[in-house]
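Encoded as structure tokens, the structure appears first; notes follow it.
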Amino acid sequence: LFRSLLRFSRKAKSTTQSSVYLQHRLNPNAEVSWLYFDSKANDTSNDTSRDPSTSTTQDDDHLETNDGYHELFPLSPIGLFQSSFSCRNGTPRQPRLVPLARGRLTLKKHVQPASLEGLEQYSHVWIVYVFHKNTDLGQAMGPLTNNGNAGNRTTLRAKVRVPRLNGERRGVLATRSPHRPNPVGLSLCRIRSVDLKAGILEVEGADLVDGTPVLDVKPYLPFCEAFGDATAPDWVNETSTEPTGEPLQIASVEFVQGAEEVIKQVWNRRGGVKKSLYESGDEFLEFCTQALARDIRSFHQRKREEIEK
């Protein structure tokens with residue numbers, strides 16, 4: 001996308017028919033690439049709006065102005081995340097809810113494996129990623145209009161329905177909903193292993209869909225990130241309801257006769273320990289049990305099924 005925008009920039013500069021002027025500038029102080037959208041491209045005789053020094057914003061580093069500029073930050077994923085969850089439905093809503101939910105981050109070629117050196121000394125890591133499976137991702141992120149402002153972003157609602165509150169609404173920034181102004185996720189996972197030769201980080205307690213683009217990883221620092229006096233609303237506390245404190249907790253997970261053996265047989269046929277994140281068929285079965293112990297239905301699905309009953 002970034003390269004395409006730069007190509008469009010060169011084309012727009014060479015014609016007076018373009019309604020959008022795109023300028024690429026390198027901020028020498030922050031060393032960040034910025035993209036400017038100018039809605040007055042056709043009249044360049046006395047146009048000073050392309051000069052950031054004329055911005056109505058006092059802070060020169062904040063490049064969104066009142067006359068048509070819109071700032072973009074091109075980011076390239078450092079790697080892709082592999083997990084057992086192939087789709088959004090069924091993926092844990094939060095990290096650590098399924099302790100055996102394991103995953104593997106493989107760094108891309110432009111990120112050297114040595115970047116992971118030292119991470120093996122930590123027990124947990126923050127993973128920053130993109131909610132790439134959001135069904136409204138394209139609408140939520142754009143497109144930009146001719147004046148550089150956001151287009152029809154009608155899906156960016158201020159409030160979202162919270163599953164743990166049976167559909168009650170809360171401000172999106174006061175929730176962990178994936179449908180956010182910027183679809184960026186943050187998960188705290190336990191480190192299982194670090195492979196410096198292959199550039200692979202393996203974790204558990206993850207809540208990421210298979211194929212998730214990862215933007216960054218940061219080690220968890222207990223001395224400054226663990227707060228013993230931290231508080232949260234009662235509806236997100238573990239002791240908020242009975243019997244286990246989790247409103248979406250399933251009372252029990254039971255398999256029909258013979259199903260457990262079939263699951264382990266399928267696990268073996270598909271490569272077993274050589275191709276799996278799990279050490280045995282029994283461990284994989286325990287992972288399945290943990291994942292099924294949470295109600296994966298959305299509020300709308302639960303409400304519809306209650307009406308049908």
Side-chain angles (χ1 to χ4, degrees), residues 81 83-101 103 126-144 149-189 205-215 227 230-253 287-309:
F81 194 85
S83 78
S84 298
F85 303 104
S86 60
C87 60
R88 294 178 306 122
N89 194 21
T91 302
R93 287 188 169 93
Q94 302 296 337
R96 301 176 61 194
L97 288 182
V98 181
L100 281 176
W126 293 104
I127 301 179
V128 185
Y129 55 94
V130 178
F131 289 113
H132 71 300
K133 288 287 188 179
N134 279 7
T135 55
D136 59 354
L137 186 62
Q139 293 174 295
M141 293 304 294
L144 295 173
N149 295 321
N152 296 325
R153 300 190 177 185
T154 57
T155 59
L156 293 185
R157 298 175 180 175
K159 294 186 177 183
V160 295
R161 295 188 182 275
V162 181
R164 293 190 66 167
L165 289 175
N166 289 321
E168 289 186 28
R169 296 182 182 275
R170 291 291 186 276
V172 63
L173 298 183
T175 73
R176 303 290 288 269
S177 170
H179 301 282
R180 318 183 67 77
N182 289 312
V184 177
L186 177 67
S187 295
L188 180 61
C189 303
D207 59 342
L208 284 72
V209 180
D210 187 53
T212 292
V214 175
L215 300 176
F227 297 92
T231 61
D234 182 66
W235 61 269
V236 295
N237 289 336
E238 189 175 1
T239 58
S240 60
T241 61
E242 297 294 338
T244 62
E246 171 57 65
L248 302 178
Q249 180 78 44
I250 301 297
S252 65
V253 177
F287 155 68
C288 294
T289 303
Q290 291 181 4
L292 292 171
R294 308 280 170 171
D295 192 340
I296 67 174
R297 298 172 301 168
S298 67
F299 162 73
H300 297 288
Q301 290 173 326
R302 296 201 308 271
K303 184 176 181 180
R304 182 169 57 249
E305 292 180 12
E306 289 176 0
I307 294 175
E308 290 175 354
K309 290 180 180 180

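Numbers here are sequence positions counted from 1. Model, not experiment: these values are computed from the prediction.
- The closest side-chain heavy-atom distance from L173 to P181 is below 4.5 Å.
- What you find for P163 and R93 is that their closest heavy atoms are CG-NE, 3.6 Å.
- The distance from the CD atom of Q290 to the CG atom of L97 is 10.5 Å, given to the nearest 0.5 Å.
- Note: L208 CG to F131 CZ = 8.0 Å, rounded to the nearest 0.5 Å.
- The closest donor-acceptor contact from the side chain of R170 to the backbone of T175 lies at 3.5 Å or more, if one exists at all.
- Judged by distance alone, with hydrogens and angles left aside, the side-chain atoms of D210 form a donor-acceptor pair with the main-chain N or O of S83 at under 3.5 Å.
- The minimum heavy-atom distance linking A206 with F85 is given by the pair O-CE1, 4.4 Å.
- Scored by the ring-ring contact (aromatic ring centres under 6.0 Å, His included) test, F81 finds no partners at all (sequence neighbours excluded).
- Heavy-atom contacts from other residues, nucleotides or ligands closer than 6.0 Å to CZ of R176 number 12 or fewer.
- Other residues, nucleotides and ligands contribute over 12 non-hydrogen atoms within 6.0 Å of the CZ atom of R161.
- Interatomic distance, CG of D207 versus OG1 of T91, reported as 8.0 Å (0.5 Å rounding).
- For the residue pair L100 and F287, the shortest heavy atom distance occurs at O-CD1, 3.5 Å.
- Atom-to-atom distance recorded for S187:OG and Q94:CD is 8.0 Å, nearest 0.5 angstrom.
- Partner of I127 under the side chain to side chain contact (heavy atoms under 4.5 Å, CB included) criterion, out of T212, V214, L215: V214 alone.
- Shortest non-hydrogen contact noted between P92 and V98 is CG-CG2, 3.6 Å.
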